[in-house]
Amino acid sequence: EVQLVESGGGLVQPGGSLRLSCAASGFTFSTYSMNWVRQAPGKGLEWVSYISSGSSTIFYADSLKGRFTISRDNAKNSLYLQMNSLRAEDTAVYYCTRDQGSLYYFDYWGQGALVTVSS
Amino acid sequence: DIQMTQSPSSLSASVGDRVIIACRASQSISSYLHWYQQKPGKAPKLLIYGASSLQSGVPSRFSGSGSGTDFTLTISSLQPEDFAIYYCQQSYTTPPLTFGGGTKVEVK
């Protein structure tokens, strides 16, 4: 069974940093591209970042303006999102998602990690 | 960036109703259109990929159609567990991957 389990969410002050992790199991992690998608409270879905299976290709949403860094460790079956210079508008549930190859859709989602940016 | 517009933003329906949700892209996206269902407090779930392919395990009452700029998600006979928010997503251009604003299906 495919499982994606996020961790590392929490309350952080504006300007602070946080690192999210996503532990993957039930599939060959090293052969799949992965993404982060977020959802602000009561709002819709927003794609955040993409990383290819071997980390050679990485994309970010323009709105992040270099503040976030996606990475992965295939030996540990783990995906990461380093978030710096956090702002109130980054408050959201962050989902780790598996990318289904060349069509770039998300066939599995984690349960989400809540990040709250507030003083 | 490609903008995705869903309509309506919400609808009221009864169990057994046929429900149609529309999604329009700001430019042609071929069949790079996917549909998700999200229930309160839960992660989204993939329903349809490639505009019309049913994801494994998804009931056959869900179907998708369209290509180019106009797409629809149809629920042939609404069931109690189908009350949720539905999102479309395009993947014709990457980045960014973009979602529609969502359609909330509520009990009439």
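Because the structure is predicted, anything quoted here is derived from the model rather than measured. Order of the sequence lines sets the chain letters (A, B, ...), proteins ahead of strands, with each chain counted from 1.
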Just checking [X]: does its [atom1] atom have more than 12 heavy atoms from other residues, nucleotides or ligands closer to it than 6.0 angstrom?
X     : atom1 : answer
B:Y32 : OH    : no
A:F59 : CZ    : yes
A:R67 : CZ    : yes

Residue pair B:A43 / A:W109: nearest heavy atoms and the distance that separates them: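 Looking at all heavy atoms of both residues, the closest pair is CB-CB, 3.9 Å.
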Test of understanding: clusters of I, L, V, M, F, W, Y form through side-chain heavy atoms closer than 4.5 Å, transitively. Do [X] and [Y] belong to the same one?
X     : Y      : value
A:L79 : A:I58  : yes
B:L54 : B:L73  : yes
A:W36 : A:Y105 : no
B:V15 : B:F62  : yes
A:I70 : A:M83  : yes

State, with a plain yes or no, whether a side-chain heavy atom of [X] is found less than 4.5 Å away from one of [Y].
X     : Y      : result
B:L46 : A:Y108 : no
A:Y95 : B:P44  : yes
B:L97 : A:F106 : yes
A:Q39 : B:Q38  : yes

Taking A:L103's backbone N and O only, do any of them form a donor-acceptor pair with B:S91's side chain (distance below 3.5 Å, no angle check)?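 Yes: the side chain of B:S91 pairs with the backbone of A:L103.
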Checking B:Q89 side chain against A:Y104 main chain: does a donor-acceptor pair fall under 3.5 Å?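 Yes; at least one donor-acceptor contact below 3.5 Å.
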Working to the nearest 0.5 angstrom, can you tell me the gap between [X] [atom1] and [Y] [atom2]?
X     : Y      : atom1 : atom2 : answer
A:L45 : B:T98  : CG    : OG1   : 11.5 Å
A:E46 : B:F99  : CD    : CZ    : 9.5 Å
B:K45 : A:D107 : NZ    : CG    : 13.0 Å

Under 4.5 Å from any heavy atom of chain A, what part of B:Y36 do you find: side chain, backbone, both or neither?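 For B:Y36, the contact with chain A is made by the side chain alone.
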Using non-hydrogen atoms and a 4.5 Å limit, figure out which bit of B:Q90 sits close to chain A: side chain, backbone, both or neither.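 Neither the backbone nor the side chain of B:Q90 comes within 4.5 Å of chain A.
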Where on A:Y50 is there a heavy atom nearer than 4.5 Å to chain B: the side chain, the backbone, both, or neither?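 For A:Y50, neither part sits under 4.5 Å from chain B.
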Structural part of A:V37 lying under 4.5 Å from a heavy atom of chain B: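 Side chain of A:V37 only, per the 4.5 Å heavy-atom cut-off to chain B.
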